[in-house]
Amino acid sequence: MNNSRPRYPPGIGRGGGGYIQQNPNFHSRSPHQPQYAQRNVAQNQHQQWMRRAAATDGSVDSDANNEVEKTIQPATVDSSSQDWKAKLKIPPPDTRYRTEDVTATKGNEFEDYFLKRELLMGIYEKGFERPSPIQEESIPIALTGSDILARAKNGTGKTAAFCIPALEKLDRDNNVIQVVIVVPTRELALQTSQVCKELGKHLRIQVMVTTGGTSLKDDIMRLYQPVHLLVGTPGRILDLAKKGVCVLKDCSMLIMDEADKLLSPEFQPSVEQLIRLLPENRQILMYSATFPVTVKEFKDKYLRKPFIINLMDELTLKGITQYYAFVEERQKVHCLNTLFSKLQINQSIIFCNSVNRVELLAKKITELGYSCFYIHAKMLQDHRNRVFHDFRNGACRNLVCTDLFTRGIDIQAVNVVINFDFPRNSETYLHRVGRSGRFGHLGLAVNLITYEDRFNLYKMEQELGTEIKQIPPQIDQAIYCL
Ligand SMILES: Nc1ncnc2c1ncn2[C@@H]1O[C@H](COP(=O)(O)OP(=O)(O)OP(=O)(O)O)[C@@H](O)[C@H]1O
Ligand SMILES: [Mg+2]
């Protein structure tokens, strides 16, 4: 690891690696009305999403961290008053167009689930008006205590689908860890703990995030304080549990987000050891947009009469237009330059297949005169956190990264994903392109395809049942809709 690397590649001209506003098309949300479609009866019958499996079936960068901590504020609204809803600080509605991936609901309301009023307050103050399809299916079942294996498309609200029942079940007077959420990357852990803190803002519960790359000692100190909900990466949680500081004997709920990734060889042993530390009456909830067959074995071994929720009658998001451009390796940067000049990029994520290529490309993009940050797992955690935090806040238009950012990362302003290097498997492809088009919004994915990639492109189209079209010469006109 080269610790002396600059945090961002040097910027061109003004402001070093900071954001240089070169593209006048930077825009935020476009004015369309959200469209909440009710699932009609025929559709409902057709979509028997949920079936019970047969019994035999089975900061830290200080800034970023401070920001996370600051979100726990005392409740400002009296939850017992009659007009509690009128007093909430609800953000302005997101009026962008949304696809059926999130609007095809049964028409439930969050109030239908008899949640604590303080939790409802957090939900509404986060700007959620009503549950998305996966939330409609998952929240009531999770509340009953059943194990769940749930599959739903990228960006359709899986996080709240498990956070809401987890928060509802927490007893704030019982100062023990009651829920653990495990995720595969540190950035996703930070993001998820932030969601828990925001949704649980009025619940007066303690959420702690713990990941590798931060001081173990600090985490140990924090665990001496009450913690109700722990979010983290498997290795660090296990470390703390083995030291006896993280006590899981009263933790009755384990949530595995990006569950299939957590079952890859690098994580599965730690996850299994964690499960063994849980009490007998534990509930396990598993979520992802992809469940390769390998997940079945784990499900059969550890989940008890799980509810299987599968909302993926198709795999790719309706809002994402996918293109490929056939190029030679040496033309890729030139092609990217053309894309930058033609596309209306709000924010973009550009994926490369190695750490080296991320750094080289980030340098090239900067030399071309476009602002960009980069992030990969070989950077110091402090730097990673700052890049994540600043990119999320719109400090820079483009982010070059490895697959570190492929899973779960939710940045609403990202409308373009570019696979500078084509991914090696279809799961990775799906998660990468799912970084744009969040919560049913429109997005664009462009794949730079070399001669060597051509079979892989075909294979992915087959496996995902989707069409990746050749990019039209008039791309700027073809994607006017973004
Ligand atoms: N009910 C809701 N109403 C409005 N926005 C919502 C709702 N639920 C979730 N969102 C927003 O949708 C976005 C995507 O949610 P989330 O990150 O949970 O998706 P996901 O299904 O976990 O995606 P991925 O598979 O990529 O991890 C977030 O910005 C979240 O705040
Ligand atoms: Mg997610």
Side-chain angles (χ1 to χ4, degrees), residues 29 34-36 90-99 101-113 115 119-120 122-139 150-166 181-185 187-199 231 255-262 285-291 309 311-312 315-317 319-320 347 349 392 403 405-415 417 427-441 443 445:
R29 293 167 173 173
Q35 297 180 349
Y36 273 97
I90 294 178
D94 181 349
T95 53
R96 287 177 294 172
Y97 171 76
R98 288 172 182 170
T99 66
D101 284 336
V102 295
T103 59
T105 66
K106 294 191 281 197
N108 286 4
E109 300 286 339
F110 284 113
E111 273 146 292
D112 296 341
Y113 308 133
L115 304 170
L119 178 53
L120 282 173
I123 293 171
Y124 291 130
E125 285 195 342
K126 189 141 172 58
F128 296 180
E129 290 168 12
R130 45 183 74 79
S132 69
I134 182 62
Q135 291 161 6
E136 284 187 331
E137 303 300 347
S138 160
I139 295 171
R151 185 170 180 188
K153 287 187 186 180
N154 294 117
T156 57
K158 291 187 286 296
T159 316
F162 54 74
C163 285
I164 290 172
I181 304 177
V182 268
V183 300
T185 66
E187 285 70 19
L188 185 55
L190 277 174
Q191 179 183 290
T192 308
S193 71
Q194 178 71 8
V195 172
C196 292
K197 285 170 182 176
E198 286 170 7
L199 291 171
V231 185
I255 297 165
M256 295 168 61
D257 188 22
E258 306 297 347
D260 56 325
K261 182 73 186 172
L262 290 173
L285 311 180
M286 298 171 67
Y287 292 79
S288 184
T290 47
F291 278 122
I309 300 170
L311 300 198
M312 295 186 68
L315 301 177
T316 40
L317 289 161
I320 297 185
Q347 274 193 303
I349 299 185
R392 179 187 288 288
D403 281 317
F405 259 42
T406 293
R407 297 273 189 154
I409 297 302
D410 176 60
I411 299 172
Q412 289 257 349
V414 172
N415 65 340
V417 166
E427 279 92 16
T428 306
Y429 179 85
L430 200 72
H431 287 280
R432 278 188 184 183
V433 302
R435 290 322 96 206
S436 77
R438 305 297 290 167
F439 208 66
H441 295 131

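Keep in mind it's a predicted model, so treat the numbers as computed, not measured. For ligands, and for the atoms within them, numbers begin at 1 and follow the listed sequence.
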Can you tell me how the ring of Y124 sits relative to the ring of F110, calling it parallel under 30°, perpendicular over 60° and tilted otherwise?
perpendicular

K158 to ligand 1: N or O pair under 3.5 Å?
yes

Any R407 heavy atom less than 4.0 Å from ligand 1
no

Side chain to side chain contact (heavy atoms under 4.5 Å, CB included) evaluation trace for L285 with M256
CA-CA 6 Å; L285 311 180; M256 295 168 61; over 6 Å; no

Atoms of ligand 1 close to E258 [distance to a heavy atom under 4.0 angstrom, numbered from 1]:
27 (O)

Using a strict cut-off of 4.0 Å, indicate which atoms of ligand 1 neighbour a heavy atom of G155.
14 (C), 19 (O), 20 (P), 21 (O), 23 (O), 24 (P), 25 (O), 26 (O)

Under 4.0 Å from a heavy atom of T159: which atoms of ligand 1 are those, numbered in the order shown and with their elements?
16 (P), 17 (O), 18 (O), 22 (O)

CD1 (I411) and CZ (R438) are apart, to the nearest 0.5 Å, by 9.0 Å

Report the part of R435 (side chain from C-beta onward, or backbone N, CA, C, O) that has a heavy atom under 4.0 Å from ligand 1; answer both or neither where that applies.
side chain

Which bit of D410 gets closer than 4.0 Å to ligand 1, counting heavy atoms only: side chain, backbone, both or neither?
side chain

Residue part near ligand 1, for R438, under 4.0 Å between non-hydrogen atoms:
side chain

Per-atom contacts of ligand 1 with K153, taking only distances under 4.0 Å to non-hydrogen atoms:
21 (O)

Does a salt bridge link E137 with K106, judged by any charged N lying under 4.0 Å from a carboxylate O?
yes

Kindly confirm or rule out an N or O of A289 lying under 3.5 angstrom from an N or O of ligand 1.
no

Answer yes or no: does an N/O atom from A152 fall short of 3.5 Å to an N/O atom of ligand 1?
no

When only distance counts, is Q412 in polar contact with ligand 1, meaning an N/O pair under 3.5 Å?
yes

With a 4.0 Å cut-off on N to O distance, would you call R407 and D260 a salt bridge?
yes

Below 3.5 Å, N or O to N or O, backbone or side chain included: is there any such pair between Q191 and ligand 1?
no

Distance from E258 atom CD to T290 atom OG1, nearest 0.5 Å?
7.0 Å

Less than 4.0 angstrom from a charged side-chain N to a carboxylate O is my criterion; do D403 and R432 meet it?
yes

Check each of A160, S132, G408 against atom 27 (O) of ligand 1 and report the one with the nearest heavy atom.
G408

Starting at CD1 of I90, measure out to CZ of F128 and round the result to the nearest 0.5 Å.
12.5 Å

So R435 and N154, do their side chains get closer than 4.5 Å, heavy atoms only?
yes

